[in-house]
Amino acid sequence: MLEQLNEKDFGTPRRIAEQEVTLEIDGMQVTVAAGTSIMRAAAESGVNVPKLCATDSLEPFGSCRLCLVEIEGRKGYPASCTTPAEQGMKVRTQSPKLQELRKGVMELYISDHPLDCLTCAANGNCELQDMAGVTGLREVRYGYDGENHIHSQKDESNPYFTYDPSKCIVCNRCVRACEETQGTYALTISGRGFESRVSPGQDQPFMDSECVSCGACVQACPTATLQEKTVIAIGQAEHSVVTTCAYCGVGCSFKAEMKGSEVVRMVPDKNGHANEGHSCVKGRFAWGYATHQDRILKPMIRSKITDPWREVSWAEALDYAAAEFKRIQKKYGRDSVGGIVSSRCTNEEGYLVQKLVRTAFGNNNVDTCARVCHSPTGYGLKQTLGESAGTQTFKSVEHSDVIMVIGANPTDAHPVFASRMKKRLLNGAKLIVIDPRHIDLVRSPHVEADFHLPLKPGTNVAMLSSIAHVIVTEGLMATDFIAQRCEDKAFQQWRDFVALPENSPEAMQDVTGVQAELVRGAARLYATGGNAAIYYGLGVTEHAQGSTAVMGIANLAMATGNIGREGVGVNPLRGQNNVQGSCDIGSFPHELPGYRHVSDSTTRHLFEQAWGVEIQPEPGLRIPNMFDAALDGSFKGVYCQGEDIVQSDPNTQHVTAALSAMECIVVQDIFMNETAMYAHVFLPGSSFLEKDGTFTNAERRISRIRKVMPPKAGYADWEVTVQLARRLGYEMNYAHPAEIMDEIARLTPTFHGVSYAKLDQLGSIQWPCNDDAPLGTPIMHVDQFVRGKGKFIITKYVATDEKVTRKFPLILTTGRILSQYNVGAQTRRTENVQWHEQDLLEIHPHDAEERGIKDGGWVNIQSRAGDTVLRAKVSERMQPGVVYTTFHFPESGANVITTENSDWATNCPEYKVTAVQVMPVSEPSGWQKKYTRFSKAQQALLEQAQQGTT
Amino acid sequence: MDIKNLIHMANQIGGFFEAMPDREEALLGISGHLQHFWEPRMRKQLLEYVDAEDGKELKPIVVSAMRAHRNRLLPQH
Ligand code: SF4
Ligand code: SF4
Ligand code: SF4
Ligand code: FES
């Protein structure tokens, strides 16, 4: 019954080699790449050799002895998983002797295995059971009363899976999965012989060990020893649907295993191009929020935010919202309303929101939360390389010799990509980490950075210029590449600029705080170490000079010729699942889909023809400009889809003051988020399981999400936008999101070749996908840059205005951790809280001692924007003078402290640098007390609606 | 809108383009950036500030750019 759910397992990984070998297996001629195991060669030709310790995601181990074969001219019975196929070999996979040997092996396994198959959670999906069948085991001569493990204690500490040692066959697959697939090394086999068992850490429960709950071991386990708790609770699935994780920008592909419309488990998809069968704790396990009781399923309206909510029909809510927007535009003018769409929404949803704003509202006031994370990437890469996107595939890292990670913490924020990166590092690539913090990559089991440049927050541009200085002045440039591929005048100006003595690592040492020799070493390694790739994250973009730093990174790649082939490139690690996509499809106020400026009349006319309206040629308001305009009375209404601006934007008090000054805030979300507490209309959203659409990940890869259950509130989000547009007087007609994608493809050159049919056929597509590249474009800028010639841009370091002073002597920087996701609305509603139940302030022991701060004690963090109170975590990971926190819980108020200082080019907030003072305290901050009161009052107004008491 | 904030943002933009060795290119860069990324009501307010108060808290290069390319900064509609 479950066969259709499981992919064929070829036993050992695919080998890639130019040379092929031909051999004979059971009388059949088989040709495979040299280095392929006999087991895989057999499986590829349809012959399945029995196996237990082998699986095709892991290197062969050769321990179970079930896969024995006979090879003509060789003595004994070699294991087919560890023996490579050779030219001319003649192999037999079945014979009476082999059958007898295999049966003997199975007998030993089964004699120490509980025979509760009928009631076992893996029943129907157990390889041990399958092998007992295949080997024809009919009796167990040793009996079951010998020494056994049947009464061993289960470890149920992990919230998502159990470990039942009584069922373990010590095949080592889990241990290898943790090492090879995940790179965490949390598991070992402890004890010897009969005593041997799998053990997390030092014989600890899973939750106390190094385990990060990625699920790779559970996936690899052939028995019910490691088993998802949901499978134990509800049984095996009956069908599955391929979809895409809705959390981070890695965009892992999953099979949603279903029982009717109930999810049984999410299993990473072996054929998924972004993840190739791996996952992290969020996508694999933390999907329970989608059916959480906090979901709001009825539309609601109210005329003032102090009024109780009133549950109404969809028609009434949409009529009300449309009438309000019309009233406001009539009273305050066309430009007094706008829309915001989250980068968590699908491409199709984002496209419709910007279309609604540009057609029904008739202005360009639309923005996306990519504003607050990667807008500098869009700007910086467009200026230098010509396209607002990363240049590579994730897989490209397998060809890198030097990996430079700047302002990113992939093991926490992009875990599945981090595993790939670690694999390459284990195989010899060199690593440079540029980060104020001692992030895990700097030193973790078997991985150590060759250079860690622990710079002061806010000095990326100084650092990048001094790296460039070394490359230029020490003659390490790729001169031929530059001459052929880049604009000469701009190059010469840049070269002269970075060569100035003031940009040398020695001169910049006081600014960056990093020893010049380290910088020189790292620069030499990057320029001369072979294929060098840069991966960067929000630690680069979320600064006053975010865009400048992105350009600095592109300059380095061009100067060393590290662009346009496998293993190199400029790789932004995007935060949310669809940051790339939301920018691609026109969610910015100055751009139509495909990054074409609204002032470009050819593009505007194209859309005007298609949409039948006039499009404004001037850029609209960005999110922070909307707040400023709201405060001066010229912006009064916003349609906000899936985005929690109150929790995620900087300077919370400024944001809430702006929202309080507005007259109609329409929030479309699955939960009553912080922004919804300031809203007048609530439109229930649908989770990624309830709709069709596409997400575009950090590699420009467009992947499908597929509906596995009906929308809980009745409509998918795109249907709601369509209905709102109609009520505003603009007709939209789509029967399915596929038609929205067709429209995007028709109007956007880089998407011309994209369709749902092609996505079904290829699995996923990296744009550009058009007549020039019908199957998509894995690597960009191969023969020439998208803009023609690459453009070097001068990146002068300008110190941020957010300076430390006597009053605010420390720098606060913010980030996230593995188990929680951004504002936490999803992950806080899952068992992931077991790993992180509150935001903490990390502080160096020296700074803590100076202030009398104890580990675990309450501290007040004060900036010029506001103050909040968190518990302290005294940690050597911090450098003195720098403190750090996450922002996953609204009551933490991390953004009460951050200021509205922002990137000069894009207004991306400077989340990574806030001058603060930290002091021990005994009670919450004034803001927190106010917040608690406000949020309780809002909760009461919501409950009144739900009880129908209004 | 908050003029202080507009001034601050405009000065940041000036700070970036100021580094260009070719002054004409820098002036074009500043005015082009404002034209392409600032919503008209923001440009209008900053222009008014330049006119009324001589842009005194603005970097000189920003004032020069706005004066030299005034036309492209005026709202197009
Ligand atoms: S869940 Fe992942 S990290 Fe934890 S033991 Fe298994 S493979 Fe290792
Ligand atoms: S827990 Fe599973 S994968 Fe690990 S050794 Fe035991 S049976 Fe094999
Ligand atoms: S790495 Fe990102 S996309 Fe992949 S499972 Fe984890 S959260 Fe989802
Ligand atoms: S599968 Fe080959 S030895 Fe186990």
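The basis for the numbers below is simple: all heavy atoms, side chains too, and nothing from hydrogens, waters or symmetry mates. The sequence lines fix the lettering, A, B, ..., with proteins before strands; numbering per chain opens at 1.
If you tally non-hydrogen atom pairs under 4.5 Å between each of His590(A), Glu591(A), Gln545(A), Lys796(A) and chain B, the highest count goes to His590(A). Residue with the most contacts toward chain B among Thr906(A), Asp801(A), Leu631(A): Asp801(A) (heavy-atom pairs, distance under 4.5 Å).
Contact of Phe16(B) with chain A is made through the side chain alone, with heavy-atom distances under 4.5 Å. In this structure, chain A has no heavy atom under 4.5 Å from any part of Asn11(B). Contacts of His36(B) with chain A are made by both backbone and side-chain atoms, with heavy-atom separations under 4.5 Å. Contact annotation for Met551(A): only side-chain heavy atoms (C-beta onward) come within less than 4.5 Å of a heavy atom of chain B. Using a 4.5 Å cut-off between heavy atoms, Asn365(A) touches chain B through its side chain atoms alone. Of the atoms belonging to Gln35(B), it is backbone heavy atoms, and not side-chain ones, that fall under 4.5 Å from chain A. Within the 4.5 angstrom heavy-atom criterion, no atom of Ser547(A) approaches chain B.
Side-chain atoms of Gln12(B) do not come within 3.5 Å of backbone N or O of Asn901(A) as any donor-acceptor pair. Arg41(B) contributes a side-chain N or O that, together with a main-chain N or O of Asp335(A), makes up a donor-acceptor pair within less than 3.5 Å.
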Chi angles and distances behind the side chain to side chain contact (heavy atoms under 4.5 Å, CB included) call for His654(A), Asp2(B): CA-CA 12 Å; His654(A) 178 75; Asp2(B) 181 0; over 6 Å; no
From CA spacing to verdict: side chain to side chain contact (heavy atoms under 4.5 Å, CB included), Met1(B), Phe635(A): CA-CA 10 Å; Met1(B) 296 212 216; Phe635(A) 189 75; over 6 Å; no
Chi angles and distances behind the side chain to side chain contact (heavy atoms under 4.5 Å, CB included) call for Arg622(A), Met42(B): CA-CA 11 Å; Arg622(A) 299 162 167 179; Met42(B) 298 161 67; over 6 Å; no
